[in-house]
Amino acid sequence: MISTEEMNRTSSIKSTSRDVVEFLREERGLCSRCVSFVVADRGDCHSSPLLDSIDERLASSYSDDASDGEDDDDGVDDDDRCCTVCFGVSSSSYQRERVLPAIEESLRPYCRIEKQRGGDAPTRALISADEGNYLMRESPTVNLPWLIGVRARCAIASAKWYLANEAGPSARLGVRLRSAEEAYLRVKEHLRSSLTDLILETLTASDDESDDETGDAESERVAFSQQLHEEEAGYLGIHVLILPPCLPNVDFSSDEDVGDAVTKLVPPSFRAHVQQHKQQIKQNHYRALNPRKRFRGNDPTLKQGGDPRFNLELRTRRSADRKGREDMTKCGELMHEWNATISWLEKNTVLDWLEDNSLGAGDEAGAENGSHGSNEGLSAWMRQLHRRSSQPKETEPKSSRQCSIRAATFRRPFHVRGTYTKSRRDVSQTPFYVAAPIKVSPCSNEDNNEEGRMKDGGRPSKLSKSHTAMVKKGVSSVEEEICPLLALIGCGGISRQNNERACSEGGESEKGGATVYGLCKFHASGREDIDVRMLLPPPSVVEACARSGVVITGRPFVCEIFDAHRMPSARDLEAVVRAVNFRDVATNSSESPCGGEKEIKTDEKGWPTTLVPPDRYHGANPRGVGVSSPLTLASSAAFSGLQSETEEKVKHYGCVCHTSVPIRSNEELLRKLGCSAWDGEGWE
């Protein structure tokens, strides 16, 4: 039995909790979700069945109030009545109308586009398992502004002020308020969870929407092994960046006017805290805008690196910084600094302020009264904020009341495995650059050309200076013959939207030596020099090894593909094999690796260039690179196992020997070498 005293206490707690909820919603402008994140569902009192039912009804009321508030049809725009803590991002209608379109736009290069049912409905990007598109378990990730944590602290201070002035001592003990950091994390987790459900509900193709019209659906379907699913190889990741409202771009007459505008976004105590640590905040912002170079050296090839989530934030920072410097007005530099500070608040800055604020170092309003005075000052600021947001001025731009939404979709790396052959002596395995001296004339820019650097029929000028530049060796490389075709034909291209400097798919490409996220990387099991061919053994050796269970198809390689537009199917990979093996055969037949010559020719060093039988290499690529069929999707273990294969594999070496003494027959050669002949089965 529950005593009368306990029932009265429970009833008082329930009434006080309801009053706090109503106060935060009506007087401080919090949405129902944020109220539930600030006010805990359970008080610090003894558990009982009655209290459990109270908690359930209280939580249910929060949910019901939230759903009622989302679809209010009272003629007030949602943007004009957004929450004073979360700016409305907790609302499902806000997520559907503002966040989801940004996510869908970033998904379009990776997914099939389908027209929605019904009339002239717009097209929609759908995530389909048939195309090998799956969503990462942790997606979408969200970068939420820490300004929400600052305002959550103000809401908590408002609730404490209300309890201290309106509620009795016993009721105050039964109402538990969460910390500002905990409220911020709950807003973030709620947004991430809601967006996940919304994406699965809206942008994911159902099983009955599979496209089986071609009749070859099985070859078009991307085959995922259990290992690939466990590694989330090629899965899609989504990152959402939410930036808080910024200061309006108006011509402030003085620094004091800028300060007053800042106080409308953050409480005065936080503004003072930022000014106190202004130098450190500016240094951190500068470091974020100018990250350290990841790779050293002058190699002009592209390097893979970076994180698409960090790159999205870096591009947004740089764009805002560039725009802010271009739109300088009077007091514009100060306004630009405050916009950067508020938009990119760091966690440590906010937590330091929360710690100082909890110790009583608060606003001017009531600072003499310690912690109670701080709560009163923050509550008063929250009241003014609610009044301004509920009655916005017509001249006030929406950018000062709305959050900015950015989204990035990227594909995790996956691996394609195969083997290759190389039948030319002027093709390297990877692009091969060496430093070579060049002559540069110290003349003016208009004369700094080939004619200006040379005189007297092409001899270098005496005034020219010696410099070095990276010069490419060979006509091509194995990597350059395989990776571009695998990326274009097999994967539909590589996205360039997630690089540190995004560029349009048809626009200017990245400069040589740049670091990019989207790239097809080539890894091989060992390597050969540029003037060494990589051939298959003679057919008799291949057949003898096959009888022993050893299949020889060339040197193993693995391509690691980052941010591909699509996952390759078996048909796509077979098309890649044909494209590599028969690249430009019709237009470059004179460059065929076997060439059809009748006589042995010598290179510039006088070494004989022997003919290569067609059964010693794959395909007929004029640059001498061929791959075996089939190329297959592989797990990350295929890449890590390349080095172990180097230690265990059997290699067959061949060389060209030049002798000044003529050798007239094979018997004479064997006699001089002191070895036996190969009869196709083994050594005699």
Side-chain angles (χ1 to χ4, degrees), residues 103-104 106-114 123-140 199-200 203-238 308 409-419 482-495 497-498 505 517-523 557-580 627-639:
I103 294 176
E104 183 182 350
S106 68
L107 272 170
R108 285 181 174 270
Y110 302 88
C111 303
R112 74 168 186 250
I113 308 300
E114 288 192 355
T123 59
R124 169 149 289 180
L126 292 179
I127 303 174
S128 172
D130 288 347
E131 297 175 323
N133 287 334
Y134 300 89
L135 202 61
M136 291 169 55
R137 284 184 287 270
E138 67 173 13
S139 285
I199 292 171
L200 294 177
L203 301 180
T204 303
S206 58
D207 295 337
D208 57 353
E209 291 178 337
S210 301
D211 187 9
D212 296 336
E213 297 176 0
T214 61
D216 295 329
E218 198 62 35
S219 62
E220 293 287 350
R221 187 181 180 91
V222 179
F224 262 77
S225 65
Q226 183 62 31
Q227 183 67 24
L228 293 179
H229 281 298
E230 292 177 1
E231 296 177 359
E232 294 190 340
Y235 274 39
L236 293 176
I238 298 174
T409 297
F410 58 96
R411 191 181 296 280
R412 279 177 51 83
F414 60 93
H415 300 81
V416 173
R417 176 174 53 195
T419 57
I482 296 176
C483 289
L485 295 177
L486 176 58
L488 180 62
I489 299 176
C491 304
I494 302 294
S495 174
Q497 296 301 317
N498 293 312
E505 301 303 330
Y517 176 72
L519 192 68
C520 182
K521 296 176 64 176
F522 183 85
H523 311 279
F557 72 89
V558 170
C559 287
E560 188 178 11
I561 306 170
F562 291 79
D563 212 11
H565 279 157
R566 69 168 186 260
M567 293 293 293
S569 64
R571 175 178 291 182
D572 294 330
L573 294 177
E574 189 59 35
V576 173
V577 172
R578 292 194 300 270
V580 173
V627 294
S628 63
S629 179
L631 296 175
T632 57
L633 288 174
S635 65
S636 59
F639 167 62

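The figures that follow rest on heavy atoms only: side chains count, while hydrogens, waters and symmetry mates do not.
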Please find the pair of heavy atoms, one from [X] and one from [Y], that lie closest to each other, and give the distance.
{"X": "Ile494", "Y": "Ala487", "answer": "CG1-CB, 3.6 Å"}
{"X": "Leu126", "Y": "Glu131", "answer": "O-OE1, 4.4 Å"}
{"X": "Leu631", "Y": "Gly418", "answer": "CD2-CA, 3.7 Å"}
{"X": "Ser569", "Y": "Arg221", "answer": "CB-O, 4.1 Å"}
{"X": "Ile103", "Y": "Ser106", "answer": "O-OG, 2.7 Å"}
{"X": "Cys491", "Y": "Ala564", "answer": "CB-CB, 3.6 Å"}

Nearest 0.5 Å please: distance from the [atom1] atom of [X] over to the [atom2] atom of [Y].
{"X": "Ile238", "Y": "Ile199", "atom1": "CD1", "atom2": "CD1", "result": "4.0 Å"}
{"X": "Ser636", "Y": "Gln227", "atom1": "OG", "atom2": "CD", "result": "6.5 Å"}
{"X": "Leu486", "Y": "Asp572", "atom1": "CG", "atom2": "CG", "result": "10.0 Å"}
{"X": "Cys111", "Y": "Leu203", "atom1": "SG", "atom2": "CG", "result": "8.0 Å"}
{"X": "Leu485", "Y": "Arg578", "atom1": "CG", "atom2": "CZ", "result": "12.5 Å"}
{"X": "Thr409", "Y": "Gln497", "atom1": "OG1", "atom2": "CD", "result": "11.0 Å"}

Checking Phe557 now: which residues fulfil ring pair (Phe, Tyr, Trp, His ring centres under 6.0 Å) with it, not counting sequence neighbours? Phe522
Can you list everything that forms a ring pair (Phe, Tyr, Trp, His ring centres under 6.0 Å) with Phe224? Sequence neighbours excluded, please. Tyr134, His229
Residue pair [X] / [Y], side-chain heavy-atom distance below 4.5 Å:
{"X": "Val576", "Y": "Val627", "result": "no"}
{"X": "Leu228", "Y": "Phe414", "result": "no"}
{"X": "Val577", "Y": "Pro630", "result": "no"}
{"X": "His523", "Y": "His415", "result": "no"}
{"X": "Val416", "Y": "Leu633", "result": "yes"}

Counting only heavy atoms not in Arg417, do more than 12 fall under 6.0 Å of its CZ?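 No, not enclosed.
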Candidate list Phe410, Tyr110, Phe562, test side chain to side chain contact (heavy atoms under 4.5 Å, CB included), partner Ser495, passing option: Tyr110
Short question: side chain of His565, backbone of Gly492 - any donor-acceptor pair under 3.5 Å? yes
Main chain of Tyr517, side chain of Asp563: is a donor-acceptor contact present, judged purely on distance under 3.5 Å?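 No; judged by distance alone, with no hydrogens or angles, the pair does not exist.
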When you look at Ser225 and Ser635, which way does the side-chain contact (heavy atoms from CB on, under 4.5 Å) test go after all the steps? CA-CA 9 Å; Ser225 65; Ser635 65; 5.8 Å; no
Check side-chain contact (heavy atoms from CB on, under 4.5 Å) between Glu232 and all other residues, then give those that pass, not counting sequence neighbours.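 Checked Glu232 against side-chain contact (heavy atoms from CB on, under 4.5 Å); matches are Met136, Arg137, Tyr235, Arg412.
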